[in-house]
Amino acid sequence: DIPNIAAASSLQFALKEIQTDFTSETGLSLRISYGSSGNFKRQIEQGAPFELFLSADEGYVAALHQQEQTLDAGKIYALGRIAIFAPQGSPLPVDANLEGLRGLLEQGRLQRFAIANPNHAPYGKAAQQALMTVGLWDSIKPRLVLGENASQAAQFATSGSSQGGILPYSLALAPAISRQGFSRPLPAEWHQPISHRMVLMKRAGDTAKRFYQYLQTSAAQKIFLQYGFDSPG
Amino acid sequence: MSEDMTLRLSLRQTQPIPLHADIKCGAGELLALVGPSGSGKTTILRAIAGLTRPEQGSIVCDDETWFDSDNNIHMPPQQRRIGFMFQDYALFPHLCALHNITAALGHLPAKTRTERAQQLMQQVHLEGLESRYPAQLSGGQRQRVALARALARDPAILLLDEPFSAVDQVTRRKLQQELARLRHSIKIPMILVTHDLDEASALADRIYALHRGTTLQDGSPSEVANRPKSALVARLMDHVNIFTASVVSHAPEKGITIINWQGSTLEANYNKDFAVGEIVNWLIPPSHIVMHRRDRPSRGEHENPVEGEIREVVSLGETTTVTMRIRQPEQKPGKESVGESGEEILSFTVSTHTARRNKLSELGTVTVSLLSEGIHLMPKIVEDRKF
Amino acid sequence: MSEDMTLRLSLRQTQPIPLHADIKCGAGELLALVGPSGSGKTTILRAIAGLTRPEQGSIVCDDETWFDSDNNIHMPPQQRRIGFMFQDYALFPHLCALHNITAALGHLPAKTRTERAQQLMQQVHLEGLESRYPAQLSGGQRQRVALARALARDPAILLLDEPFSAVDQVTRRKLQQELARLRHSIKIPMILVTHDLDEASALADRIYALHRGTTLQDGSPSEVANRPKSALVARLMDHVNIFTASVVSHAPEKGITIINWQGSTLEANYNKDFAVGEIVNWLIPPSHIVMHRRDRPSRGEHENPVEGEIREVVSLGETTTVTMRIRQPEQKPGKESVGESGEEILSFTVSTHTARRNKLSELGTVTVSLLSEGIHLMPKIVEDRKF
Amino acid sequence: MDTLALELSLRLAFWTCVVLLPVSIFLGRLLAWSQFTGKGFVEAAIALPLVLPPTVLGYYLLVSMGNTSAIGQFYADLTGRNLVFSFDGLLLASIIFNLPFAVQPMQRAFEAIPNNVREAAWCCGMSRLRALWRIELPLAWPGLISALALTFAHTLGEFGVVLMVGGNIQGETQTIAIAIYDRVQAFDNPAAGTMSALLLVFSFVTIGSVYMLSHRRSHAHV
Amino acid sequence: MDTLALELSLRLAFWTCVVLLPVSIFLGRLLAWSQFTGKGFVEAAIALPLVLPPTVLGYYLLVSMGNTSAIGQFYADLTGRNLVFSFDGLLLASIIFNLPFAVQPMQRAFEAIPNNVREAAWCCGMSRLRALWRIELPLAWPGLISALALTFAHTLGEFGVVLMVGGNIQGETQTIAIAIYDRVQAFDNPAAGTMSALLLVFSFVTIGSVYMLSHRRSHAHV
Ligand SMILES: Nc1ncnc2c1ncn2[C@@H]1O[C@H](COP(=O)(O)OP(=O)(O)OP(=O)(O)O)[C@@H](O)[C@H]1O
Ligand SMILES: Nc1ncnc2c1ncn2[C@@H]1O[C@H](COP(=O)(O)OP(=O)(O)OP(=O)(O)O)[C@@H](O)[C@H]1O
Ligand SMILES: [Mg+2]
Ligand SMILES: [Mg+2]
């Protein structure tokens with residue numbers, strides 16, 4: 001049997017590699033759907049045939065656990081990081097203190113700045129917290145364009161129509177994006193941890209359970225690290 | 001008017017189109033509906049076909065009730081087995097001429113339909129145009145396709161709304177002959193709407209004269225044409241010599257009624273319906289006016305001679321129409337003038353060669369006899385302006 | 001046929017509708033296009049209006065070139081100032097009768113349009129129906145709205161495609177009178193398509209006989225009717241007495257040409273175009289056939305007496321049509337039979353009262369004179385089956 | 001090119017058209033030829049699926065078709081399968097959100113058929129079904145083609161509702177639109193570009209050919 | 001209810017209709033009455049915006065209208081403003097993806113006008129413009145209403161393209177569809193439900209009224 005696995009879209013680069021390794025090691029196939037964690041939560045509530053749910057937001061997992069859809073409370077498998085990104089040709093200097101951003105803002109030369117929608121996207125929430133931490137939130141707010149999710153924020157940031165954005169570090173590292181500009185991760189303390197929690201559904205079969213275990217191995221964790229995630233605790 | 005009667009219709013309606021019609025049409029009978037434009041001819045055909053639902057009345061065909069307002073019966077058109085030719089043809093624009101006809105041949109086995117349709121195309125003289133679409137046909141050709149389609153259905157009753165109005169006279173005559181032939185081969189009631197009174201007379205067994213939705217009179221063509229019940233019908237039947245007179249006396253033994261017209265005494269066809277002294281309308285068809293020849297005496301000169309001045313001589317092909325103003329013997333001042341304009345105009349026709357030989361084109365006086373058997377009396381009506 | 005000529009048209013086309021037409025129409029002249037259904041009358045009007053672009057030719061109106069294939073001129077219909085009445089009316093379905101007419105009154109100041117439109121409604125006898133939509137009008141009422149609309153534009157040329165085909169005879173006569181009156185008040189070329197030859201004769205100055213897109217003959221109504229150039233035109237003009245004979249001799253001094261018809265020798269109108277011995281077609285209008293009365297001699301009996309058997313007597317109102325089979329003096333076996341069926345049928349009309357008095361309804365023999373001035377010779381044509 | 005996804009999309013588009021054809025013919029005729037008060041609001045109701053954002057509509061459909069819903073239960077009882085996250089569920093959703101594109105052109109096309117042509121069909125003795133088949137449908141042909149082309153194109157491209165109701169499961173509910181969307185989200189621009197271009201070319205050729213054929217068909221009688 | 005977003009959506013829908021009206025009348029007439037080879041493919045091309053998933057279409061529009069693109073540069077030179085992330089950009093995108101809904105019904109409506117009625121208009125001496133105004137447009141009225149209703153509804157509901165090109169800026173490019181979507185994504189179901197219900201009711205009343213009025217108008221001559 002090939003299990004259906006729901007995974008947050010921010011995981012896709014890392015998870016591809018892990019999936020390949022897993023399959024070559026065990027000979028077992030997986031079918032992974034990428035999408036918004038919130039949508040997956042909703043769909044699971046309606047009986048979606050997923051056996052394993054890799055969420056980018058642990059709140060959804062907790063909610064599902066409460067509804068007794070899951071086997072257990074799940075496990076945190078990675079922590080998300082965010083990064084500032086500026087496309088090539090942008091006047092925005094990229095630095096870990098966001099001084100460049102502050103300067104550009106003060107000069108009034110920042111036209112558009114992209115983040116994911118903080119109302120529902122975990123990376124958007126983190127970006128907001130980071131901007132608040134450095135006291136830029138109120139001044140940058142009118143300049144923001146909000147992506148439906150992290151990927152869309154990245155699309156805004158790379159399109160050249162905005163001067164930059166705050167993206168998941170994992171995306172900023174992806175070749176397709178890193179090629180188009182410069183990025184620097186922001187300190188993890190600037191925002192609450194973006195805890196990625198996974199959980200097995202009640203219907204989970206052996207393959208899903210083995211993959212669940214595999215994700216906790218050091219081999220998998222190493223790959224997460226390479227792709228810009230921090231390891232949990 | 002008995003058992004073999006096949007269509008029997010009685011309609012009453014006030015809105016939107018007033019109707020007060022009673023029509024009977026037997027099997028094998030061809031009935032012509034005539035009436036001025038807008039008098040409701042099409043509306044009646046549509047009611048028979050089931051395309052409009054009249055307010056009140058009944059339509060019975062062959063003992064089958066198609067419509068009965070009292071019992072709330074209204075059979076849909078599909079079940080009425082009518083052959084209906086629309087005044088505006090209503091051809092199917094996406095089907096070629098042949099398929100327009102096969103569309104109405106659903107009752108035949110599929111194999112034989114094309115053959116039958118081709119036969120109908122021939123009957124309406126459209127061989128060779130089978131594959132043309134309606135948009136590629138001339139007006140008259142379309143009309144003939146519509147006619148063929150109406151004939152195709154093997155109908156229980158045939159309704160033709162001005163079937164020949166758009167074709168030339170030669171073709172028209174051929175089609176009229178086809179219709180006359182058809183009448184003898186299939187014994188169903190046929191109703192023909194036409195504006196052509198000659199056509200109605202030539203083809204129909206009976207004429208219904210219609211005015212504002214009301215059937216004013218019905219009868220054989222000659223009856224309706226020569227003995228209209230009222231001046232209204234007379235006008236419909238294209239009578240021009242309609243006058244007003246008063247009844248002087250009756251002479252039943254001689255078959256005449258004497259009337260006084262503008263001071264002249266005329267012998268009319270005997271008609272006991274009118275009392276002595278009553279004011280009546282009367283008419284005379286041009287065919288009952290005999291011109292006195294100038295060169296020699298002619299028959300019938302003793303009958304109602306009337307003298308007048310020639311006003312106009314118009315030759316239209318073989319017939320010449322002469323309009324004359326009647327010379328009144330004396331104008332009694334005290335007496336009420338019964339004529340509308342005070343000046344009475346009489347029209348009659350002679351053959352063109354007679355006109356030519358009598359040199360009628362010169363203005364002058366002429367004397368005519370009004371043959372008494374042609375003088376027909378009708379109740380006096382109040383002039384109806386809206387004609 | 002000179003300077004004051006206002007419309008001059010010459011069209012040549014092979015596809016899709018063959019055309020070979022040359023037409024001239026002067027200011028104030030009313031021209032009737034007649035021809036069988038499908039002969040291209042509508043097509044010619046459409047070409048004049050600019051709605052179809054013929055392959056070749058030119059249309060010049062009032063020194064303005066509307067169409068010229070050589071110089072690639074094709075003026076759009078909007079600029080041609082035509083009043084065009086469509087055969088199928090083509091009313092604007094979303095406008096009431098009045099607005100259908102005001103739609104063509106763009107040349108008037110907005111204020112006066114309604115008044116003028118109302119006037120036109122009256123002219124076509126449709127008072128009171130101003131606010132009806134086309135779907136709420138009867139066929140004849142629609143036709144009259146279309147007529148009024150065509151008249152509305154204050155056109156430089158008026159094109160009427162069967163304008164009276166859907167109205168009753170009484171209304172038709174009134175409308176014809178309107179048209180005749182109009183002709184004298186506005187001096188523009190008018191072209192009328194009609195299937196009604198009487199109408200054409202009564203209204204038109206000139207008739208163009210059309211067959212398969214070709215103008216076969218033009219001339220005054222009586223010329224075309226009585227002296228058709230060919231049997232084809234004769235047939236178009238509704239001639240029934242068309243026969244074949246051979247020329248025997250000419251007698252120019254007496255104004256006659258002697259022909260041999262089925263063994264009988266007939267005196268015809270003199271016509272030097274045909275050589276002695278030539279096979280010709282000839283016709284005689286029913287109006288030039290005089291029946292010999294049974295009770296007393298009649299004028300003209302010396303002229304071409306022909307005896308025959310009565311085949312049919314049909315009375316249509318005031319006229320009675322008599323069909324007789326000619327009794328042939330001798331049937332020479334060796335000689336080629338020039339008649340189609342070998343049996344020659346002659347039709348003539350008498351007034352119904354003459355027929356009645358002569359008791360023509362009884363079958364029997366009858367003798368008629370064929371008045372030589374009515375016998376018209378034409379070149380022999382090969383029978384055209386597709387009529 | 002993700003052939004599995006394309007095939008699924010085509011299957012979905014095909015079945016949507018197949019189901020919507022009779023539905024829209026029925027509704028289109030009804031709306032074209034019957035007059036009743038409030039008809040305008042029935043027409044408006046048909047257009048309502050367009051008003052909500054597709055994902056939101058999808059969410060509401062998901063909830064109302066889900067396993068705990070009456071519809072979902074009924075369907076499960078009937079077939080033993082789930083309605084959501086299955087092809088059947090996709091199809092149902094697709095039918096609902098394509099309804100306006102199918103019904104509107106059909107209604108207009110039926111309205112354009114002259115009354116007397118329909119009457120002539122009845123007077124030729126054709127049953128209602130035969131009149132529909134031989135007269136009304138051929139005359140409404142351009143509207144029918146429009147309806148199908150719009151529905152077809154829109155089904156190929158729609159992904160909000162489909163994503164929500166279907167759940168993006170490869171080979172089962174992942175349509176070509178979702179696959180392209182995934183590629184774009186994954187910044188796999190070359191793949192996204194190729195798939196988009198192929199989809200565009202394919203649709204262009206398909207829809208264009210349908211139009212061309214339908215023109216040829218209706219040319220004759222214009 | 002987010003009145004700012006609703007107002008923006010209405011503004012967008014209004015201007016989309018205003019711009020698309022003449023465009024679709026022009027294109028619809030052209031396609032209805034001219035015959036040329038490959039016409040079917042022009043019609044297909046107009047339907048193509050439907051084929052791509054809205055977000056993907058939006059992405060390509062974003063790229064091709066962006067500040068670094070030729071169109072974006074041209075626009076910036078002309079107006080001094082950016083095309084993307086602005087109302088103008090939204091409008092342009094909205095026009096493009098609504099084209100099929102506007103043109104198709106118009107084309108069908110024009111096709112349904114009998115040839116001889118148009119000819120009669122010319123023969124009445126009407127200029128092409130006057131004939132358009134007094135004859136063709138009134139006769140194409142039902143198609144026009146369909147086109148506007150579909151465009152209006154679809155603009156209200158569309159969010160993929162709008163989000164991509166507009167960037168979800170409150171008061172500037174956040175339409176009601178995006179606002180509802182945001183509420184749904186934020187699991188704020190009560191707010192989402194209220195907004196959806198209000199939007200539906202509003203659209204229902206608006207579109208329904210338009211249809212009712214247009215019926216009254218066309219009743220008279222049927
Ligand atoms: N929908 C309608 N509403 C109101 N009046 C109508 C409607 N349809 C027709 N009429 C009127 O009803 C009358 C009868 O129409 P009908 O078509 O039966 O006349 P008709 O005798 O066939 O005339 P014609 O010889 O001109 O065809 C006409 O005066 C017409 O104006
Ligand atoms: N689109 C077309 N393609 C081919 N032939 C056509 C087309 N339109 C008309 N015709 C043919 O051209 C001929 C002339 O048509 P037209 O309408 O001019 O005839 P008409 O003289 O007006 O006839 P009617 O008296 O019946 O109205 C007809 O035989 C008709 O069948
Ligand atoms: Mg009528
Ligand atoms: Mg014609």
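The model shown is predicted, which means the values in this text are computed figures rather than measured ones. Here is the naming used below: chain letters follow the sequence lines, and residue numbers restart at 1 for every chain.
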A.B. asks: Are C/T171 and B/H195 close enough that some pair of their side-chain heavy atoms sits under 4.5 Å apart?
C.D. replies: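 Side-chain contact under 4.5 Å: no.
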A.B. asks: Between C/L236 and B/V170, is the side-chain contact (heavy atoms from CB on, under 4.5 Å) condition met? List the steps.
C.D. replies: CA-CA 7 Å; C/L236 284 185; B/V170 178; 6.0 Å; no
A.B. asks: Taking it one step at a time, do C/D196 and B/Q169 satisfy side-chain contact (heavy atoms from CB on, under 4.5 Å)?
C.D. replies: CA-CA 7 Å; C/D196 185 339; B/Q169 286 189 11; 3.8 Å; yes
A.B. asks: At a heavy-atom separation under 4.5 Å, does B/L126 approach chain C through its side chain, its backbone, both, or neither?
C.D. replies: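 For B/L126, neither part sits under 4.5 Å from chain C.
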A.B. asks: Side chain, backbone, both or neither: which part of C/S165 has an atom under 4.5 Å from a heavy atom of chain B?
C.D. replies: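 For C/S165, heavy atoms of backbone and side chain both lie under 4.5 Å from chain B.
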A.B. asks: Hey, which of C/P16, C/A166, C/P221, C/A225 has the most heavy atom pairs under 4.5 Å with chain B?
C.D. replies: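 Most pairs with chain B among the choices: C/A166.
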A.B. asks: Could you tell me which of C/R172, C/E162, C/R142, C/Q87 has the largest number of non-hydrogen atom pairs under 4.5 Å with chain B?
C.D. replies: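 Option with the top pair count is C/Q87.
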A.B. asks: Does C/D168 use its side chain to pair, donor to acceptor, with the backbone of B/S37 at less than 3.5 Å?
C.D. replies: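 Yes, because the side chain of C/D168 sits within donor-acceptor range (under 3.5 Å) of the backbone of B/S37.
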A.B. asks: Which answer fits C/V240, side chain, backbone, both or neither, if we ask what part of it has an atom under 4.5 Å from a heavy atom of chain B?
C.D. replies: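 Only the side chain of C/V240 comes within 4.5 Å of chain B.
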